[in-house]
Amino acid sequence: MENKKEKMKILLTIASVAAISIFFTAQLYRRRRKQRRPQSCCYLHSESKPQLSFKRVFADNSCSPFNHFNRQADSVNEKSSSLTHPYESEITTLMENPQLLFSKIAMDDFDAKMDDSYVWVETESQLSQLAQVLSEHRAFAVDTEQHSLRSFLGFTALIQISTEKEDYLVDAIALHDAIGILRPVFADPNICKVFHGADGDIVWLQRDFHIYVVNLFDTAKACEVLSKPQKSLAYLLETYCGVATNKLLQREDWRQRPLSEEMVQYARTDAHYLLYIANCLMAELKQQDCEYSSCPDDKFHFVLEASRRSNMICLQLYAKEVEDFPGASAAFSILSRQLNGQGSGPISGATKFQDLVRRLCAWRDLMARVHDESTRYILSDYAIVALSKKVPTTQADIYSTIIQADLNIDSSNFSSSLPSPSPLVCSHWIDVHQLIQDKLGNLDKFFPVVLQNCLGPNGSCPLSVFNYALLMNCSLKHETRLVSKQNGFKNPKQVAKKASRELFIQKFSCKSPVYHNCRIYANDGRLLCYCDHKKLEWYLHRDLAKLVDDEPPAIMLLFEPKGRPEDEDNDFYIQSKKNICVGCGEGNHYLRYRVIPSCYRIHFPEHLKSHRSHDIVLLCVDCHEVAHAAAEKYKKQIAGEFGIPLYVRKVIDLNQASIISGSSDSMNFEDSGVSPLQLRTAAKALLRHGPEMPPSRLEELTQIVMRYYGGREISKEDLERALVAGMSPHERRRLEKKKGLSLKQPMRILPVIEQESNNVTKIISTTSDPSKVDNPDVSDFTADVSQSTKVDTLKEALGTKDEMDFSMDMDPMGNKLWIVY
Ligand code: AMP
Ligand code: MN
Ligand code: ZN
């Protein structure tokens, strides 16, 4: 007995020591983490730039070469730094055999006057419709507007497309990740694309969207061939259409939304008349060919030549500029301008001056890459010269030198309207100071120092898809290693891991508090539950409740709910929830974590299944990783012990399912169904890239979708329906909202088929749509968490499939088996 007591005592002591040490370790860890968090000193922390919403960026700001589209490889897995044009053979064929089909369009009914109607394209569904419309045309006209001031490489902000019937303005910012839908029509050799002065547009479309133009008619090239006195668009508009245009608008900020009326007018004008002008020029080219055909020895084919020169432009490939060291060419041009006597005043200590110019140019270049800004936005050439001459020693001195230099710039110069000194210089002036004071070491040493200051483990600047590869790529690899050693980081891999972790948090952690902690009271003043804003609004909107408090808001129901949670021992609903990680208390980022993996959840009875908030908790990225790994391990163990398969969730089209299950009881769903994720990915790829896919891949993906439809032939409509297969009505509504589809679109989704692992098919009808619940009861107060985390396309979304070291193979998708028919 005594012995037992003794043992108990020891055990208790060990347990309490363990508990205390865990507590302190956790505290310490939390505190350390707080210390490691970068101070928000960079101006970008308080500014949002539209390109930060881009998920897929083909050209980042690192020095790694641009990967062109690889037609051979799997379109999802594209990785090709090849220097051959993906459509080279199509283009060269066209150069010998032009397909300038636009000349067959009857231009008689061409609307020479531009009316008020145009189509603003800003949703994916509108874009798909546009792709469909264009695929039915023989020719269309295109122009793009770029934004370059607040971006390192520049990006396409607007794409203007005109057919002879309609002008389309495509919002290339809102649709940045979706514009690829237009790839097939641009690459179709049977559709002629008319541009004016396409050199820039051709490579910009490659850079931003992997769009390659095949079959181009460039009206500027036609002018050349015809030896016109001028080849500007303004000249052509004036001559052929009697239209004047103000080219100054070219330099507007094309990111702004909505566009001003004037900008819309300008943008439309750039594309609207091109088909008509192309037609006129084509007639002239043909006329020339006819006239010259009388002397066959000296034959110059005008049409052929115009087509050849146009398609030569298409063969250009986008490439990032390569320099010996960052800013080298800018430094070279500044210094040669100085040497040519354009700079004023004698320079004492010429080598010191040159050295400073080079350093400032290098710093400016690096900062532009890190912050995704143009170099001119950061610091003008004039300011660099002035700083290098004056070598200011204080912050005030640095600022006034820059302001003075920028004031001296000719006031007609565009850059004079830029903030001086730039917000970047203001938030990073210490860099400039140290650089001028020669404290950053020589050129090749200070790159990694600057990068570490900005993006390194204690970096001050936000990480983005534009700058994250800078840490690893660039020719900075060995320097990074040196610096990371100095900072106690063992290897670049760790730095990389840290970088992708930050990026992961940025992209996938919840963007707003998950728990809104709004309250719902019964009419006797007793608390029923906490919930989100949406739920409150649902009741308020239907006059089922009145607002009794704001911040956070609370409502009181105007009807008698079925029971009270407390009476039913359901305190869970009346606890407010904190927006922090339940593992470590991290409050700055967290994502939803499902406690019960969906492969088990599908076996739950309906009343448990419909209340997802029960098993969703918030975890920070680190705890999420730990929890997920543990769950995976446990799942495998359960699978081994009880024979519960991990992924049985397959869907099949209900029409086909009833045929199958009706015809044969022994039909094996395992063989006939398909996982919803696999199905949707296949359907999406087929819709987007079907025409360009290698036949074997096309067949493979088609087979997957066919399996969903019970093996029958599939149509385009089938593909579109497959896109939403396996989604709950809620997920579907979110998708529709995202794509701008009308909710009124006929889509019957209610009856649900649920497939169990023993091949029994069950049909349950569902009322998860709140509008169908006319008398909500307590069980409907499922509280605060309504959305599921969807991280299945994480790697795809980051666009850095191969570099992603920090992957989180989370539950691939929602946990229900909703079947569309
Ligand atoms: P455009 O081909 O005239 O429609 O011009 C397309 C884009 O090129 C514009 O949105 C500008 O971003 C850029 N661009 C062309 N020429 C200039 C210029 N002289 N100055 C500034 N930006 C220009
Ligand atoms: Mn334009
Ligand atoms: Zn910064």
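Each ligand, and each atom within it, is numbered from 1 in the order the structure gives.
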Ring-plane angle category for Tyr87 and His85, please: parallel below 30°, perpendicular beyond 60°, tilted otherwise.
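Perpendicular.
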
Do the ring planes of Tyr43 and His428 sit parallel (below 30°), tilted (30 to 60°) or perpendicular (above 60°)?
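It falls in the perpendicular class, over 60°.
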
Heavy-atom contacts with ligand 1 below 4.0 Å: which residues, ordered by chain and residue number?
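Ligand 1 pocket, heavy atoms under 4.0 Å: Asp143, Thr144, Glu145, Gln146, Trp204, Lys247, Gln250, Arg251, Trp254, Tyr266, Asp270.
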
Of Phe466, Phe54, Phe58, Trp204, which is the lone residue that meets ring-ring contact (aromatic ring centres under 6.0 Å, His included) with Phe155?
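Exactly one option meets the ring-ring contact (aromatic ring centres under 6.0 Å, His included) with Phe155, and it is Phe54.
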
Has Ser53 got a side-chain atom pairing as donor or acceptor with Pro50's backbone, closer than 3.5 angstrom?
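Yes: the side chain of Ser53 pairs with the backbone of Pro50.
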
Spell out, as yes or no, whether a donor-acceptor pair under 3.5 Å connects the side chain of Lys221 to the backbone of Ile313.
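Pair absent, no side-chain N/O of Lys221 close to backbone of Ile313.
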
Only distances under 3.5 Å count here; give the side-chain donor-acceptor pairs of residues 430-437 to other protein atoms, sequence neighbours excluded, each with its distance to 0.1 Å.
{"from": "Asp431", "atom 1": "OD2", "to": "Trp363", "atom 2": "NE1", "distance (Å)": "3.1"}
{"from": "His433", "atom 1": "NE2", "to": "Thr393", "atom 2": "O", "distance (Å)": "2.7"}
{"from": "Gln437", "atom 1": "NE2", "to": "Pro392", "atom 2": "O", "distance (Å)": "3.4"}

Shell of protein N/O/S atoms around the Zn ion (ligand 3), taken as anything under 2.8 Å
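For the Zn ion (ligand 3), the protein N, O and S atoms that sit under 2.8 Å away are Cys42 SG, His371 NE2, His428 NE2, Cys461 SG.
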
Answer yes or no: is there an ion pair linking [X] with [Y], defined by an N-O contact shorter than 4.0 Å?
X      : Y      : answer
Arg150 : Asp372 : no
Lys247 : Asp270 : yes
Arg364 : Asp381 : yes

Tell me whether the centres of the aromatic rings in Tyr266 and Trp254 are closer together than 6.0 Å.
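Distance test on ring centres: under 6.0 Å, yes.
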
For Tyr118 and His272, what are the C-alpha separation, side-chain angles and deciding distance, and is it a ring-ring contact (aromatic ring centres under 6.0 Å, His included)?
CA-CA 10 Å; Tyr118 67 95; His272 179 84; over 10 Å; no

Where do His68 and Tyr212 land on the ring-ring contact (aromatic ring centres under 6.0 Å, His included) test, with the steps shown first?
CA-CA 10 Å; His68 276 280; Tyr212 295 81; 5.8 Å; yes

Counting only protein N/O/S, how many atoms fall short of 2.8 Å from the Mn ion (ligand 2)?
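If we list every protein N, O or S atom nearer than 2.8 Å to the Mn ion (ligand 2), we get 3.
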
If only side-chain N and O atoms count, and only distance matters, is there a donor-acceptor pair under 3.5 Å linking Asp60 with Asn467?
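No, no side-chain donor-acceptor pair sits under 3.5 Å.
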
